[in-house]
2 protein chains.
Amino acid sequence: MKKSNSSNALNKEFLHRSCSVNEAIDLISGRWKALIIIYIHEGQNRFSLLKNILSPISDQILGRQLKDLEQNGLISKTIVPEVPVRVDYELTAKGKSLLSIFDSLEEWIAS
Amino acid sequence: MKKSNSSNALNKEFLHRSCSVNEAIDLISGRWKALIIIYIHEGQNRFSLLKNILSPISDQILGRQLKDLEQNGLISKTIVPEVPVRVDYELTAKGKSLLSIFDSLEEWIAS
DNA sequence: CTGGATCCCCTATGATACTG
DNA sequence: CAGTATCATAGGGGATCCAG
C-alpha cells in the first residue's frame, strides 16, 4: 500500500519549488537523454539509427526516453506515413539551446 | 548475488565513455546536490543550517550527499575541534564554477 | 520499422536509531 | 552538533514479448 504522504514525491515537489535548477536537472538526468539529444543534433534522427549507436539500449528504454523528451518539449517527432512507417525526430528550439549548456558541462568536467 | 555482467553498471560505463556530459550530469543529479551547493554558496555552511533549510531531508541523506560532493571535489569540509564540534563546508573552485552553469540552467528552464 | 505492454531488478532515497 | 549503521521502499532502468 502506498502511503498517502509519499515522502519521495513530496520531496521532489519541495525541490522544484525551492529551486528551478532542480527542474532542469530532472529533465536532463535521465540516463540516456543527453546522449540522445546530442545524437539527434548530429543527424541521427531515426529510431533505428539511435538504436544502433546506443547499442546497449533496449527498444523499450529508447522509446521511453524519446517520449519523455518529447513531453518535455526538447524534441519533436514527425510521422511520415510511408511503408514502412518512418518517424523523424528533431530538436526543438529548447532542445537546441541545451547544447550550449552541455558544452559548458563538458568543459567543467574536464577542468 | 550480483550478476557478473550487470547491464546497469555496464551501461553506465558505456555512457561515460560515450560522452563526458554524462559524467557531469551524474555528479549533479543527486536529488539534493544542486540545492546544497547553492545554499553553501549563500553562507549556509553548517550541517544544522542546511538541515533546517532543507527541512524534509533526513540526517542520513544530507550526510550522504555532502560526502558525495566532497568526494567529487565540489565542496571541502573543515572540522573545527570546538565543543561541541563544528564543521564548516565551503565550495571548492570546481564547486564555484558550477554556479554559473546553474544560472544557465535556470535561464534555460524558464525559457 | 516504431514502439507499447509487461514484468523484474537494482540503486538511490528515506526513516529510524545509535555514537563520539 | 555532526554524523554513521541498519533496514525498508519506490521508481527508474532493463529484458522480452507483442502490435500497428
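Each chain gets a letter, A, B and so on, in the order the sequences are listed, and its residues count up from 1. Values below: all heavy atoms of this structure, side chains included; hydrogens, waters and symmetry mates excluded.
A donor-acceptor contact under 3.5 angstrom links the side-chain atoms of A:R64 to the base of D:dG14.
When the nearest nucleotides of DNA chain D are assigned to A:I61 and A:V85 by heavy-atom distance, the more 5′-ward of the two goes with A:I61.
Between A:L54 atom CG and C:dT2 atom C1' the separation is 15 Å, expressed in whole Å. Atom CD of B:Q65 and atom P of C:dT11 are 17 Å apart (whole Å). When rounded to the nearest whole Å, the span between NZ of A:K67 and P of C:dT2 equals 17 Å. Computed from coordinates, the B:D68 CG to C:dT13 C1' distance equals 12 Å when rounded to whole Å.
Between A:S7 and C:dA15 there is a side-chain polar atom (N or O) within less than 4.0 angstrom of OP1 or OP2. Within the 4.0 Å cut-off from OP1 or OP2 of D:dC7, not a single side-chain nitrogen or oxygen of B:Q60 is found.
Nearest to the side-chain atoms of A:F47 among the listed nucleotides C:dT2, C:dC10, C:dG14 stands C:dT2. Nearest nucleotide to the B:S48 side chain, out of C:dA12, C:dG14, D:dC1: D:dC1. Comparing C:dA15, C:dC10, D:dC1 against the side chain of B:N8 picks out C:dC10 as the nearest. Here the nucleotide nearest the side chain of B:V87, chosen from D:dG3, C:dT13, C:dA12, is D:dG3.
In this structure, CD on B:Q65 lies 13.5 Å from CD on B:E70, to the nearest 0.5 angstrom.
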